[in-house]
Amino acid sequence: MPRPIEAIIDPQHLRHNLARIRQSVGQAKVWAVVKADAYGHGIERVFEAFRAADGFALLDLTEAQRVRALGWRGPILLLEGCFEPRDLEACSRWGLWHVVHCSEQIDMLAAHKTQQPQRVFLKMNSGMNRLGFKPDRYRSAWARLQALSQVEDIALMTHFSDADGPKGIDAQMAIFDQVTADLPGERSLSNSAASLRHARALESRTDWVRPGIALYGGAPDFQSPDAGAWDLRPGMSLRSKIIAVQDLEAGQTVGYGSTFTAESALRLGVVACGYADGYPRHAPTGTPVLVAGRRTRLIGRVSMDMLTVDLSALPDCGMGSEVTLWGQSDGGQLLPVDEVASAAGTIGYELMCAVAPRVRFEVRELA
Ligand SMILES: *Cc1c(COP(=O)(O)O)cnc(C)c1O
């Protein structure tokens with residue numbers, strides 16, 4: 001028998017989440033963001049579920065080729081654009097749209113020999129200060145692109161830094177609107193947080209939305225509210241089993257560094273899941289875990305291949321009991337990945353992306 005840990009990808013949940021985003025954004029077209037190998041889910045495993053999207057947005061040429069190899073003939077967008085001139089040949093060959101965020105990328109386009117005019121998304125840095133032209137440089141970048149025979153179509157784009165928080169999107173929206181008011185072309189503004197939280201404000205101002213995390217069932221703004229409140233369902237469920245049980249007496253300790261001491265008699269389950277599977281090593285005692293669908297807590301330090309959970313209140317659980325590290329249990333109980341991430345001081349995105357290659361993946365609809 002293989003080691004019992006597995007990541008189950010549920011296509012029905014992924015389809016539901018895509019429909020949920022569509023419901024929120026009205027007429028806007030949807031880029032399914034599948035960078036980082038579909039947030040760790042695997043491009044090939046999510047493709048069928050996301051076929052109903054209008055396009056796929058990602059970073060790597062190899063990922064773009066994988067989407068084409070699956071038979072996708074529709075739009076594909078490179079979110080960081082081209083890294084070197086050669087990449088433009090790949091864009092021509094594979095019909096990829098690409099982001100232009102700096103003048104070097106315009107230089108590359110100007111020098112590019114092609115029969116195939118390119119579709120680009122010109123990115124404005126409206127306050128995120130990562131990629132994009134500053135507002136006062138944006139229109140001259142647009143004019144330069146407009147004059148190139150290599151460019152067929154220019155869409156306008158920006159990215160919000162605070163769509164998930166109290167600062168919101170108003171300041172960035174105002175800058176973007178002011179600079180682009182009279183420019184033609186489609187607009188692409190929203191990530192998951194903006195698509196869910198600011199749908200009303202963005203209605204009819206965004207032609208393309210770019211949801212990532214919400215498609216996979218993560219809350220873009222965990223705790224205000226959680227994924228369930230947004231009616232999002234887990235795309236990935238990480239499950240394993242109890243492979244050993246230990247009975248501890250008061251005063252005995254658990255695991256490396258003896259960081260946990262039993263205050264009274266305690267029944268401990270050992271789970272086949274560790275940081276080499278992608279479970280966060282920093283998850284502290286108290287991090288929620290489901291055993292046979294019931295909530296309990298992690299105790300002691302997470303080690304490479306194992307972690308330990310408290311079975312004291314679950315006397316009927318033991319060797320072979322199903323453990324859900326995040327996602328949905330066999331009985332349908334939910335443990336949001338965001339909750340586990342939050343306990344470990346990170347976000348759901350990072351946990352999804354970090355599931356290790358040694359974990360077996362399965363695509364299956366959960367009951
Ligand atoms: C990753 C990314 C997104 C998706 O963000 P989520 O928070 O996962 O919805 C959208 N736009 C750009 C430019 C991105 O890089």
Side-chain angles (χ1 to χ4, degrees), residues 14 17-18 20-22 24-25 28-41 43 46 50 53-60 63-64 67 75-83 96-102 105 120-133 155-165 167-169 172-173 176 186-199 202 205-227 230 232 234-236 336-338 341 346-354:
L14 298 172
N17 295 336
L18 175 57
R20 175 69 190 83
I21 288 284
R22 282 215 189 273
S24 180
V25 300
K29 289 175 277 187
V30 176
W31 290 114
V33 178
V34 294
K35 63 189 177 187
D37 201 12
Y39 288 49
H41 292 59
I43 286 174
V46 303
F50 292 163
D54 299 287
F56 289 87
L58 39 74
L59 303 178
D60 291 317
E63 290 187 341
V67 174
I76 296 179
L77 176 64
L78 299 178
L79 287 167
E80 292 178 346
C82 293
F83 303 101
L96 310 179
W97 306 5
H98 48 103
V99 166
V100 170
H101 63 77
C102 62
Q105 288 176 328
V120 301
F121 276 60
L122 181 62
K123 188 160 190 181
M124 184 192 296
N125 170 12
S126 58
M128 176 81 166
N129 284 313
R130 222 170 41 175
L131 299 183
F133 291 88
L156 317 177
M157 169 183 181
T158 196
H159 192 57
F160 297 124
S161 56
D162 289 79
D164 59 331
K167 190 170 164 195
I169 63 169
Q172 284 182 268
M173 275 299 296
F176 184 81
E186 293 187 316
R187 268 97 171 129
S188 178
L189 306 172
S190 313
N191 56 6
S192 296
S195 300
L196 291 169
R197 293 171 67 98
H198 303 286
L202 288 160
R205 289 160 102 170
T206 182
D207 302 287
W208 287 91
V209 294
R210 307 186 303 270
I213 194 71
L215 294 179
Y216 305 97
D221 56 352
F222 177 59
Q223 276 172 344
S224 62
D226 67 11
W230 285 123
L232 299 169
M236 176 197 291
V337 65
D338 305 293
T346 181
I347 53 176
Y349 297 69
E350 190 181 13
L351 299 194
M352 292 178 184
C353 292

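Numbers here are sequence positions counted from 1. Indexing begins at 1, ligand by ligand and atom by atom, following the structure's order. Keep in mind that what you see is a predicted model, and the values were worked out from it rather than measured. In what follows, every heavy atom counts, from backbone to side chain, and hydrogens, waters and symmetry copies are set aside.
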Under the 3.5 angstrom rule, does the side chain of His198 hit a backbone N or O of Ala163 as a donor-acceptor pair? yes
Ignoring hydrogens and angles, tell me if any N or O in the side chain of Asp162 forms a donor-acceptor pair with the backbone of Lys167 under 3.5 Å. no
Intermediate values then yes/no, side-chain contact (heavy atoms from CB on, under 4.5 Å), Arg22 and Asp54: CA-CA 11 Å; Arg22 282 215 189 273; Asp54 299 287; 3.0 Å; yes
Residue list, side chain to side chain contact (heavy atoms under 4.5 Å, CB included) with Asp226, at least two apart or on another chain: Phe222, Ala229
Residues passing the side chain to side chain contact (heavy atoms under 4.5 Å, CB included) test with Leu59, sequence neighbours excluded, are Lys35, Leu79, Glu80
Without placing hydrogens or testing angles, list every side-chain donor-acceptor pair under 3.5 Å for residues 206-217, not counting sequence neighbours.
from	atom 1	to	atom 2	distance (Å)
Thr206	OG1	Leu189	N	3.3
Thr206	OG1	Trp208	O	2.9
Asp207	OD2	Arg187	N	2.7
Trp208	NE1	Glu186	OE1	2.8
Arg210	NH1	Thr158	O	3.3
Arg210	NH1	Ser188	O	2.9
Arg210	NH1	Ser188	OG	2.9
Arg210	NH2	Thr158	O	2.9
Arg210	NH2	His159	ND1	3.0
Arg210	NH2	Leu189	O	3.4
Tyr216	OH	Val33	O	2.7

Show the distances, to 0.1 Å, for all pairs joining an N/O atom of ligand 1 and a protein N/O atom that are shorter than 3.5 Å, listing one pair per line.
from	atom 1	to	atom 2	distance (Å)
ligand 1	7 (O)	Tyr349	OH	2.6
ligand 1	8 (O)	Tyr39	OH	2.5
ligand 1	8 (O)	Ile213	N	2.8
ligand 1	9 (O)	Ser192	N	2.8
ligand 1	9 (O)	Ser192	OG	2.5
ligand 1	9 (O)	Gly212	N	2.9
ligand 1	11 (N)	Arg210	NE	2.9
ligand 1	15 (O)	Lys35	NZ	2.7

